[in-house]
Protein chains: 2
Amino acid sequence: MPAPPQAAGHATAPVVARDAAPAFSPLYQQIKVLLTHSLQGGEWRPGELIPSELELAARFKVSQGTVRKAIDALADDRLLVRRQGKGTFVATHAEREVRFRFLRLVPDNGKSGGMARRFIDCRRQRAPADVARALALRAGDPTLQVRRVLSFEGRPVVLDDIWLPGHAFKGLTAERLSEYRGPMYRLFETEFGVRMIRADEKLRAVGADAESAALLEVEPGAPLLSVERLSFTYGDRPLELRRGLYDTSAHYYRNELS
Amino acid sequence: MPAPPQAAGHATAPVVARDAAPAFSPLYQQIKVLLTHSLQGGEWRPGELIPSELELAARFKVSQGTVRKAIDALADDRLLVRRQGKGTFVATHAEREVRFRFLRLVPDNGKSGGMARRFIDCRRQRAPADVARALALRAGDPTLQVRRVLSFEGRPVVLDDIWLPGHAFKGLTAERLSEYRGPMYRLFETEFGVRMIRADEKLRAVGADAESAALLEVEPGAPLLSVERLSFTYGDRPLELRRGLYDTSAHYYRNELS
DNA sequence: GAGTGGTCTAGACCACTGA
DNA sequence: CAGTGGTCTAGACCACTCG
């Protein structure tokens, strides 16, 4: 179905534009794009097994090594997961190992007890200008606004304000959210076909306002870690804006630099 | 000079332990270890060109492809930098593109004007217990303690307290630091042969104490972003503990999740 | 043009999984 | 055992840099 890309390397034709712009793109990157389209189009869904390297090589009329390089790149991007002896699977937020993979909060005293969620609010609302800008919507477009608190060992630690584009999350309600067990991003995958693949965060220290202080059970003005996260699906399309306030008196935000 | 690793794959001998523990390690990872040792031992210094893939393949008696995979891994770890047509170089904190690569602070209004440094203090001091633990020293071991302020557009934004193991940084003085132009980690490389390759950070929101408030020109109690960074050289040896306080009223800490 | 890294292929064998 | 990904090799050609 996808147009087989032109051969290259071994003994054949020019790869791409020969005249104006060089714009050289290696074969394995073209394969990567084709695979991404299949993921985006839902040919293989989160958690599913994709065809073997040899099958894909036959489909795209390239060698196994070339397919392998494309899959390697997608695995690096965390879109695919390789399992030796079993095959290659579409990554998902449902796997035990990666649940809450975007949550970088770590308790000071090593072990993390259970996490509890409480949904405070969930309503449809017109997008304020700043939210609209972040989500690439028009101001006033319908959005879904969710407010919730995460607690660890019975103490509230995170207050999240979440904005979602209304069109992509039709039918999402407070009940749906509160009765769902498991990570939010997993619900997005299974119920709305929305898969978050990466996110940008902006961190600052702020003082707690009265409302946040009450919800997090801290003094007004107490220092809180503000975490503004913008999450993206395929094609770098932003699909969630999340403004979090973290009480870091017994937890810290972990980051690794390299 | 290094013992050539055993062959594998094509048509030859068992690779490694056959009896008790499987402990299988692919050839290219063994090559990676050998290359790391050469880096660590100073055979090739930061910024220098390492031998070509073909030369290394000959030295280690493996194919070019295997050396390539090892170098790819080291390039992913940011220990090496590949430049097509030129060769492969030892990564350094001196390169224009990666200067201050560990500093994630971004000004709200896009463009970053100049950065100014002011060294407030630099003294030899016995390691407090917590610092010693982080740096894998014994409490009371000699350390160097540096305090400095970073300013952007004339306004103080970052207050850093830096601890360095005394033995690795003999001869580092306040003058040396203040007269040096360029990133600190570059000075560490050129003057002390210490190359930082990765770091862990712990972030929290805290209230400014009197001293910090004065130095950062904020109100006492104002929310500040606390960034505790532990930096590592080769072999995961910690060689710097840095406690930073960031005024995030006009800057934010940027992070990318994937 | 020589030398470097980058891509592509083809084929062999190894390690792991599950029926 | 067959089938999957993982490693290794050998050789060809492409893209880039620099003298």
Side-chain angles (χ1 to χ4, degrees), chain A residues 4-18 21-33 35 44 48-58 60-76 80-91, chain B residues 4-18 21-33 35 44 48-58 60-76 80-91:
Chain A
Q6 64 283 57
H10 206 199
T12 35
V15 177
V16 111
R18 174 177 279 277
F24 168 71
S25 167
L27 241 192
Y28 74 88
Q29 278 185 21
Q30 302 176 35
I31 304 294
K32 184 185 173 188
V33 168
L35 292 174
W44 315 304
E48 280 184 13
L49 179 69
I50 74 169
S52 76
E53 295 178 350
L54 280 172
E55 279 180 81
L56 291 170
F60 296 132
K61 303 252 184 30
V62 299
S63 78
Q64 183 190 9
T66 300
V67 169
R68 164 166 285 269
K69 255 198 117 170
I71 292 180
D72 280 343
L74 290 168
D76 283 349
L80 295 176
V81 176
R82 321 194 71 146
R83 293 200 216 286
Q84 182 172 159
K86 299 170 81 168
T88 301
F89 298 79
V90 182
Chain B
Q6 65 280 55
H10 205 198
T12 36
V15 177
V16 111
R18 173 178 278 276
F24 169 70
S25 167
L27 241 193
Y28 74 88
Q29 278 186 20
Q30 303 177 33
I31 303 294
K32 185 185 172 190
V33 168
L35 292 174
W44 315 304
E48 279 184 13
L49 179 68
I50 75 170
S52 77
E53 295 178 349
L54 280 172
E55 278 179 81
L56 291 170
F60 296 132
K61 303 249 183 35
V62 298
S63 78
Q64 184 191 7
T66 299
V67 169
R68 163 167 287 271
K69 255 199 119 171
I71 291 180
D72 280 343
L74 290 168
D76 284 348
L80 295 176
V81 176
R82 320 194 71 142
R83 293 199 216 287
Q84 182 171 162
K86 300 171 81 169
T88 301
F89 298 79
V90 182

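Within every chain, numbering begins at 1; the chains are lettered A, B, ... in the order of the sequence lines, protein sequences first and strands thereafter.
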Undergrad: Could you tell me the separation between the CD1 atom of B/Ile31 and the C1' atom of D/dT9, rounded to a whole number of Å?
TA: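 Answer to the nearest Å: 13 Å.
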Undergrad: For the pair made of CG in A/Leu49 and P in D/dG3, what is the distance, rounded to whole Å?
TA: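 Those two atoms, CG and P, are 14 Å apart.
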Undergrad: Collect all protein-nucleotide pairs involving nucleotides 17-19 of chain C in which both atoms are nitrogen or oxygen and the distance is under 3.5 Å.
TA:
unit_1	atom_1	unit_2	atom_2	d
C/dG18	OP1	A/Lys86	NZ	3.3

Undergrad: Testing the basics here: between B/Ala70 and B/Tyr28, what is the closest heavy-atom pair and its distance to 0.1 Å?
TA: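 Scanning both residues, the minimum pair turns out to be CB-O, 3.4 Å.
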Undergrad: If I take atom CD in residue A/Glu55 and atom P in nucleotide D/dG5, what distance separates them, rounded to the nearest angstrom?
TA: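 Rounded to whole Å, this separation is 9 Å.
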Undergrad: Round to the nearest Å and state the distance from A/Leu54 atom CG to D/dA2 atom P.
TA: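 Going from A/Leu54 (CG) to D/dA2 (P), I get 16 Å.
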Undergrad: Between P on D/dT7 and CG on B/Asp72, what's the gap in Å once rounded to a whole number?
TA: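 Rounded to the whole Å, the gap is 12 Å.
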Undergrad: Can you tell me the distance, in whole Å, between the CZ atom of B/Arg83 and the P atom of C/dG6?
TA: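 It is 11 Å, rounded to the nearest whole Å.
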Undergrad: What nucleotide, of C/dT9, D/dC8, D/dG5, holds the atom closest to the side chain of A/Leu27?
TA: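 Closest of the options to the side chain of A/Leu27: C/dT9.
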Undergrad: Which of the following nucleotides, D/dT7, D/dT9, C/dA10, is nearest to the side chain of B/Ser63?
TA: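 Of all the options, the side chain of B/Ser63 is nearest to D/dT9.
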Undergrad: If every non-hydrogen atom of A/Gln30 is compared with every non-hydrogen atom of A/Ser25, which pair is closest and at what distance?
TA: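 Minimum heavy-atom separation between A/Gln30 and A/Ser25: NE2-O, 2.8 Å.
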Undergrad: Side-chain N or O of A/Thr66 versus OP1/OP2 of C/dT7: is the shortest distance under 4.0 Å?
TA: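 Result: no.
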Undergrad: Any side-chain N or O of A/Lys69 below 4.0 angstrom from OP1/OP2 of C/dC8?
TA: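 False: A/Lys69 side-chain N/O out of range (4.0 Å or more) of C/dC8 OP1/OP2.
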Undergrad: A/Lys69: which residues meet the salt bridge (charged side-chain N to carboxylate O under 4.0 Å, His left out) condition with it, sequence neighbours left out?
TA: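 Checked A/Lys69 against salt bridge (charged side-chain N to carboxylate O under 4.0 Å, His left out); zero matches.
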Undergrad: Could you say whether A/Tyr28 or B/Ile50 is positioned toward the 5' end of DNA chain C, judged by the nucleotide with the nearest heavy atom to each?
TA: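 Its nucleotide being nearer the 5' end, the pick is B/Ile50.
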Undergrad: Closer than 4.0 Å, any side-chain N/O of B/Thr88 to the OP1 or OP2 of C/dG5?
TA: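 True: B/Thr88 side-chain N/O within range (under 4.0 Å) of C/dG5 OP1/OP2.
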Undergrad: With a 4.0 Å cutoff (strictly under), does any side-chain N or O of B/Arg68 reach OP1 or OP2 of C/dG5?
TA: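 Looking at the OP1 and OP2 atoms of C/dG5, neither is under 4.0 Å from any side-chain N or O of B/Arg68.
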Undergrad: Roughly how far, to the nearest 0.5 Å, is CZ of A/Phe60 from CG of A/Leu35?
TA: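 CZ of A/Phe60 is found 4.5 Å from CG of A/Leu35.
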Undergrad: What pairs of donor and acceptor atoms, side-chain ones from residues 82-91 of chain A against any protein atom, are under 3.5 angstrom apart with sequence neighbours left out?
TA:
unit_1	atom_1	unit_2	atom_2	d
A/Arg82	NH1	A/Asp72	OD1	2.5
A/Arg82	NH2	A/Glu53	OE2	2.0

Undergrad: Let me confirm one number: the CG-CZ distance from A/Leu54 to A/Arg68, rounded to the nearest 0.5 Å.
TA: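 If we round to the nearest 0.5 Å, A/Leu54:CG and A/Arg68:CZ are 10.0 Å apart.
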Undergrad: Measure from the side chain of B/Glu53, starting at C-beta and using heavy atoms only, and say which of D/dC8, C/dT7, C/dG5 lies closest.
TA: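 Looking only at side-chain atoms, B/Glu53 lies closest to C/dG5.
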Undergrad: Mind checking the CD1-CG spacing from A/Ile31 to A/Leu56? Nearest 0.5 Å is all I need.
TA: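 A/Ile31 CD1 to A/Leu56 CG: 9.0 Å, rounded to 0.5 Å.
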Undergrad: Nearest-Å distance, NZ (B/Lys32) to P (D/dC8)?
TA: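 Going from NZ in B/Lys32 over to P in D/dC8 covers 14 Å.
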Undergrad: Expressed as a whole number of angstroms, how long is the span from A/Asp76:CG to D/dG6:P?
TA: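 From A/Asp76 CG to D/dG6 P: 12 Å.
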